[in-house]
Number of protein chains: 2
Amino acid sequence: MSNAYNRPDQLSPELRRRVLETARKLGYPGPDPVARSLRTRKAGAVGLLLTEALSYAFRDPAALGVLEGLALACEDAGVGVQLVPAGPGKENLDAVHRAGVDGFVVYSVPDDDPHLQAVLQRPVPTVIIDQPVVPDVDRVGPDDKAAMTSLAEHLIELGHRDIGVLCMRLTRERRNGFVPRERQENANYHVQRARLAALAEAFEAVGVDWSTVPVVERFEHTIDDGASAAAQLLDAHPHVTALVCTSDILALGALKEASRRRLQVPADLTITGFDGVPEGERADLTTVRQPVREKGRCAGKLLLDPGRRVGRAAVDPEVITLDTELRIGRTSAPPRTAEQRWFGP
Amino acid sequence: MSNAYNRPDQLSPELRRRVLETARKLGYPGPDPVARSLRTRKAGAVGLLLTEALSYAFRDPAALGVLEGLALACEDAGVGVQLVPAGPGKENLDAVHRAGVDGFVVYSVPDDDPHLQAVLQRPVPTVIIDQPVVPDVDRVGPDDKAAMTSLAEHLIELGHRDIGVLCMRLTRERRNGFVPRERQENANYHVQRARLAALAEAFEAVGVDWSTVPVVERFEHTIDDGASAAAQLLDAHPHVTALVCTSDILALGALKEASRRRLQVPADLTITGFDGVPEGERADLTTVRQPVREKGRCAGKLLLDPGRRVGRAAVDPEVITLDTELRIGRTSAPPRTAEQRWFGP
DNA sequence: CCTGGCTACTGAACCGTTAACGTTCGGTGC
DNA sequence: GCACCGAACGTTAACGGTTCAGTAGCCAGG
């Protein structure tokens with residue numbers, strides 16, 4: 001029976017024909033994929049764990065790029081991609097336990113995410129994209145520290161010393177507003193932590209007291225939240241000459257707010273992003289471009305590469321660091337001097 | 001054992017604790033999802049079949065909307081969404097056969113798609129979005145004919161009689177260029193067929209000879225292909241006063257081409273789309289808005305509603321028609337009169 | 001004629017879980 | 001003190017396919 005479908009060479013064409021015909025007559029719909037999976041120990045799909053509501057992934061262009069890259073890699077290998085629902089707040093660990101997949105790709109979850117724990121307990125290979133860093137687990141991501149450092153140096157070279165920062169959520173609990181230094185350093189999102197730390201280090205190196213630099217956090221990652229964060233920051237610190245945003249989305253929001261306030265970018269205010277999403281490109285944003293699609297592709301390949309694994313564990317846990325590129329657009333320029341501020345350029 | 005995990009109420013807390021502890025000591029990773037699926041006959045996931053390469057779905061905002069809606073519905077029900085790779089060209093029916101899912105959502109495939117056949121042979125419920133229409137299978141979609149008729153009437157009212165049409169692929173085989181009427185009527189994509197037919201009917205009703213109306217087809221569905229289609233059409237028929245596009249993406253391409261030619265829209269040329277995607281909204285495109293997200297949501301709900309099914313078949317196969325809305329933007333206006341063309345408005 | 005080897009096919013064990021069923025036992029009502 | 005009942009727990013048979021050992025049948029060589 002099984003042979004008739006899967007090994008035409010093992011039996012005579014005549015018998016195969018007879019078997020298949022009888023099967024058809026009996027209304028047999030072909031081998032059951034689940035039973036097959038049980039026996040062969042291959043589900044033919046990889047799971048994608050996102051910390052966000054599923055629908056969010058389709059809003060954020062960076063997440064979309066990752067998804068696209070992963071889908072591409074999986075398509076090549078002929079396996080499906082299963083979106084595992086794991087919204088924040090409502091912990092649904094069962095979704096992780098119940099997913100019939102051969103491996104997981106975990107995208108950008110906080111250090112202490114319980115879903116991640118659940119994934120790691122499953123006896124299947126796992127690749128983490130971006131964050132967090134877990135010992136003995138493959139990871140794909142850019143060198144956030146180095147990338148942010150190069151961006152910071154660009155701003156420093158331009159002459160900015162009086163900056164403000166807009167960042168994404170730092171913990172799983174909803175919180176918005178100014179972030180004291182301690183919270184920055186204890187953030188559960190490794191990527192945000194690294195970017196903030198890189199900024200702090202670079203600016204302290206040129207004599208800026210980081211504790212005076214305003215950092216505003218937003219839990220939701222949307223253009224509107226970026227705008228409101230920019231507003232909050234500019235209201236309290238109208239003197240800043242540059243807004244450094246830890247994502248392009250936030251930067252686009254900042255641009256929106258700047259335009260609402262009739263601030264010239266970059267003449268009155270420099271704004272920078274991070275990611276290099278198409279929308280940012282269109283706005284000619286100064287940002288760090290990272291190969292989002294490549295991240296997904298790379299993660300998929302790593303997960304599916306049969307040579308790399310014996311049993312459940314990676315042969316040799318790898319951390320793949322992807323190249324980033326500083327992209328200088330039209331949203332960054334030297335700050336106005338005091339005179340320029342009063343008399344115009 | 002099973003009870004310890006799934007029915008805490010069936011045994012004493014003491015025993016449960018002991019069982020769980022021993023399990024942990026033995027390194028038992030929890031019930032195997034595949035074996036569970038085999039036994040319970042529930043995979044905890046629904047498959048999404050797209051006729052396009054998986055990565056394409058992440059490019060087309062309309063497809064993305066559908067995906068988002070479906071993900072939303074599935075998230076509510078706690079089931080995953082599995083993207084089934086079924087790129088065009090390379091037929092990979094096995095991907096359909098091997099997918100361990102409780103049902104399929106099929107999005108916009110041609111009438112004669114072999115993957116669709118494979119899906120229908122599987123003993124699981126299926127919902128088709130948009131196309132094709134298959135007897136006894138649930139379908140969710142707008143009334144394309146009525147929607148396109150209302151758009152046509154808008155153009156007719158404005159005074160357009162000399163139009164050109166840009167449409168998406170009409171068959172599975174790659175083909176680009178002008179489309180003779182016969183090919184329009186034999187298109188394997190039901191939606192395109194319906195939209196073209198509605199246009200033809202409406203314009204013939206006001207005396208336009210449809211066989212003189214140029215229709216240009218593009219296999220790929222991108223802004224650039226829309227632009228090249230517009231170029232091809234305008235080169236051959238510079239006199240048209242309106243370009244009707246069967247999708248917003250194509251219309252955005254047409255806008256791009258118009259701007260390249262320094263044609264004023266809508267003064268020199270009216271351009272209309274179909275779908276109502278955010279990008280079109282931003283361009284203030286005249287279009288037909290259809291609730292793409294709702295399509296996905298609706299399909300998911302239909303598929304997962306336990307009351308609607310006995311065994312594999314739908315109790316009462318349903319065709320859900322979603323409302324559309326004519327959205328008049330700033331890309332449509334009355335055509336210039338002959339004098340205006342020579343002397344300006 | 002017997003044996004050895006080859007091919008074509010058959011049967012049974014196994015994958016890990018769940019759900020149904022059977023057993024035991026302590027408690028309650030008469 | 002006996003009969004009955006329900007809760008708690010142990011046992012077992014599928015679920016449907018794959019795989020592998022084993023058998024039957026055949027032909028060739030000794």
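All heavy atoms count here, side chains included; hydrogens, waters and symmetry mates do not. Just so it is clear: chains get the letters A, B, ... in the order the sequence lines come, proteins before strands, and each one is counted from 1.
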Worksheet entry | Distance, rounded to the nearest Å, where K42(B) contributes NZ and dG16(D) contributes P | 13 Å
Discussion item. Taking D111(B) first and then R172(B), would you say they form a salt bridge - that is, a charged N and a carboxylate O separated by under 4.0 Å?
Written reply: no
Discussion item. Taking only side-chain N and O atoms of R41(A), does any of them lie within less than 4.0 angstrom of OP1 or OP2 on dG16(C)?
Written reply: yes
Item to complete: Measure from CZ on R36(B) to P on dC15(C) and round the result to the nearest Å.
Response: 19 Å
Fill in: Spacing of R98(A) atom CZ relative to dG16(C) atom C1', expressed in whole Å
14 Å
Item to complete: Could you check how far CG of D32(A) sits from C1' of dA14(D), rounded to whole Å?
Response: 14 Å
Item to complete: Would you state whether a donor and an acceptor, one from the side chain of R39(A) and one from the base of dT18(D), lie under 3.5 Å apart?
Response: yes
Worksheet item: Which of these nucleotides, dG16(C), dC15(C), dT18(C), is closest to any side-chain atom of L38(B)?
Response: dG16(C)
Worksheet, complete the sentence: When rounded to whole Å, the OH to C1' distance for the pair Y28(B) and dC15(C) reads 13 Å
Discussion item. Salt bridge check, R297(B) against E68(B): does any charged N sit closer than 4.0 Å to a carboxylate O?
Written reply: no
Worksheet item: Are R122(A) and D32(B) within salt-bridge range, i.e. N to O under 4.0 Å?
Response: no
Worksheet entry | Pairwise side-chain contact, V140(B) with D130(B), heavy-atom cut-off 4.5 Å (strictly under) | no
